[in-house]
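Counting convention: from 1, in listed order, for ligands and their atoms alike.
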Amino acid sequence: MTPWTLELPDPDATRRLGRALGQALRPGLVVALEGDLGAGKTALAKAAIAAAGGVDEDDVVSPTFIIAAEYPGAPEVLHVDAYRLESPGAFVDLGFGALEEGPRAVLIEWADRIAAALPGDRLTVRLAHADPARRATLEAGGPASAAALEAVRAVV
Ligand SMILES: Nc1ncnc2c1ncn2[C@@H]1O[C@H](COP(=O)(O)OP(=O)(O)OP(=O)(O)O)[C@@H](O)[C@H]1O
Ligand SMILES: [Mg+2]
């Protein structure tokens with residue numbers, strides 16, 4: 001499926017994309033957040049988790065050290081940071097099971113590190129530095145993520 005690229009001129013633009021993503025979350029949707037250190041993965045995830053309705057943005061913490069956190073919302077969201085995971089197997093060992101079967105939506109920072117443990121039908125969001133701004137490229141890997149991508153495009 002064709003990737004979609006958009007410019008994020010400032011942190012507010014990242015937040016807007018995050019909110020749109022949060023509204024498009026569904027149980028079992030897996031969102032792979034990729035991009036270098038400081039690219040904006042956590043900023044995007046915070047806005048998305050808050051938009052899913054369960055918490056304020058300020059209550060979402062970076063999962064770099066805790067690896068995974070669950071948030072209430074509609075749907076509930078599992079927020080993972082794979083930076084410190086050594087392999088896809090290390091993620092499987094955490095016991096979250098088949099992510100695409102729900103009951104939560106899943107946002108994964110540094111998802112490229114554990115790609116082999118993720119379903120093919122996932123929405124990949126690549127964030128790149130375009131100093132001082134950012135650029136986002138969204139790509140769907142199957143029907144569920146394609147529907148989410150369409151929903152995001154409709155509101156950003
Ligand atoms: N579109 C943007 N333009 C400029 N700065 C931005 C933009 N989006 C986010 N930022 C800023 O980038 C910084 C780093 O963001 P963030 O912590 O979310 O990155 P990250 O990808 O999660 O990094 P890490 O891999 O280290 O966890 C924040 O200060 C954030 O405000
Ligand atoms: Mg981060």
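Note on Glu109: counted as a metal contact of the Mg ion (ligand 2), an N/O/S atom lying under 2.8 Å. Metal site remark for the Mg ion (ligand 2): Thr42 contributes an N, O or S atom at a distance under 2.8 Å.
What sits closest to atom 23 (O) of ligand 1 on the protein, heavy atoms only, is Gly38 N, 2.9 Å. Of all protein heavy atoms, the one closest to atom 20 (P) of ligand 1 is Lys41 N, 3.5 Å. Protein heavy atom at the shortest distance from atom 18 (O) of ligand 1 is Ala43 N, 2.7 Å. Scanning all protein heavy atoms for the shortest distance to atom 15 (O) of ligand 1 gives Gly40 CA, 3.6 Å. Considering only non-hydrogen protein atoms, atom 9 (C) of ligand 1 sits nearest to Thr14 OG1, 3.8 Å. Of the protein's non-hydrogen atoms, Thr42 CB, 4.1 Å is the one closest to atom 17 (O) of ligand 1.
Against a heavy-atom cut-off of under 4.0 Å, Leu8 is close to the following atoms of ligand 1: 1 (N), 2 (C), 3 (N). Remark: ligand 1 atoms within the under-4.0 Å shell around heavy atoms of Asp10 are 1 (N), 2 (C), 3 (N). Of all atoms in ligand 1, numbered sequentially from 1 with element shown, those under 4.0 Å from a heavy atom of Trp110 are 25 (O). Within ligand 1, counting atoms from 1 as listed, the ones closer than 4.0 Å to a heavy atom of Pro132 are 3 (N), 4 (C). Which parts of ligand 1 touch Glu109 is read off a 4.0 Å heavy-atom cut-off, strictly below it: atoms 22 (O), 27 (O).
The distance criterion of under 3.5 Å between nitrogen or oxygen atoms is not met by Leu37 with respect to ligand 1. Inclusion of Asp81 in the set of residues having an N or O under 3.5 Å from an N or O of ligand 1 is not warranted. Where the criterion is an N or O separation shorter than 3.5 Å, residue side chain and backbone included, Leu44 fails it with respect to ligand 1.
By the neighbour-count criterion of 12 heavy atoms within 6.0 Å, atom OH of Tyr83 is sparsely surrounded, having that number or fewer from other residues, nucleotides or ligands.
Between the side chain of Asp121 and the backbone N or O of Gly141, no donor-acceptor pair lies under 3.5 Å. A donor-acceptor pair is defined here as one N or O able to donate and one able to accept, closer than 3.5 Å; no such pair exists between the side chain of Lys41 and the backbone of Glu34. Judged purely by atom type and a 3.5 angstrom limit, Asp56 has no side-chain atom pairing as donor or acceptor with the backbone of Asp59. Between the Arg135 side chain and the Leu127 main chain, no donor and acceptor come within less than 3.5 Å of each other.
Partner Leu78 forms a side-chain contact (heavy atoms from CB on, under 4.5 Å) with one of Ile108, Val106, Ile49, Leu107 and no other, that one being Val106.
Considering only non-hydrogen atoms, atom 10 (N) of ligand 1 lies nearest to Arg134 out of His129, Arg15, Arg135, Arg134.
In this structure, atom 29 (O) of ligand 1 has no protein heavy-atom contact shorter than 4.0 Å.
At a 4.0 Å cut-off, at least one heavy atom of Ala39 sits close enough to ligand 1 to count as contact. Residue contacts with ligand 1 leave out Gly35, since none of its heavy atoms falls under 4.0 Å from the ligand. Contact analysis leaves Tyr83 out of contact with ligand 1, as no non-hydrogen atom separation drops below 4.0 angstrom. Using a 4.0 Å cutoff on heavy atoms, Ser62 does not count as a contact of ligand 1.
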Derivation and outcome, side-chain contact (heavy atoms from CB on, under 4.5 Å), residues Arg134 and Glu7: CA-CA 6 Å; Arg134 305 288 190 271; Glu7 306 297 326; over 6 Å; no
Working for side-chain contact (heavy atoms from CB on, under 4.5 Å), residues Thr124 and Leu138: CA-CA 6 Å; Thr124 299; Leu138 284 70; over 6 Å; no
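A salt bridge between Glu100 and Arg122 is absent, with no side-chain N of the basic residue lying under 4.0 Å from a carboxylate O of the acidic one. A salt bridge is absent between Lys46 and Glu57; no separation between the charged side-chain nitrogens and carboxylate oxygens falls under 4.0 Å. Using a cutoff of 4.0 Å between basic side-chain nitrogens and carboxylate oxygens, Glu86 and Arg113 are not scored as salt-bridged.
Linking Ile, Leu, Val, Met, Phe, Trp and Tyr whenever their side-chain heavy atoms come within less than 4.5 Å leaves Val77 and Ile67 in two separate clusters.
Side chain to side chain, His79 and Glu109 meet the donor-acceptor criterion of an N or O pair below 3.5 Å.
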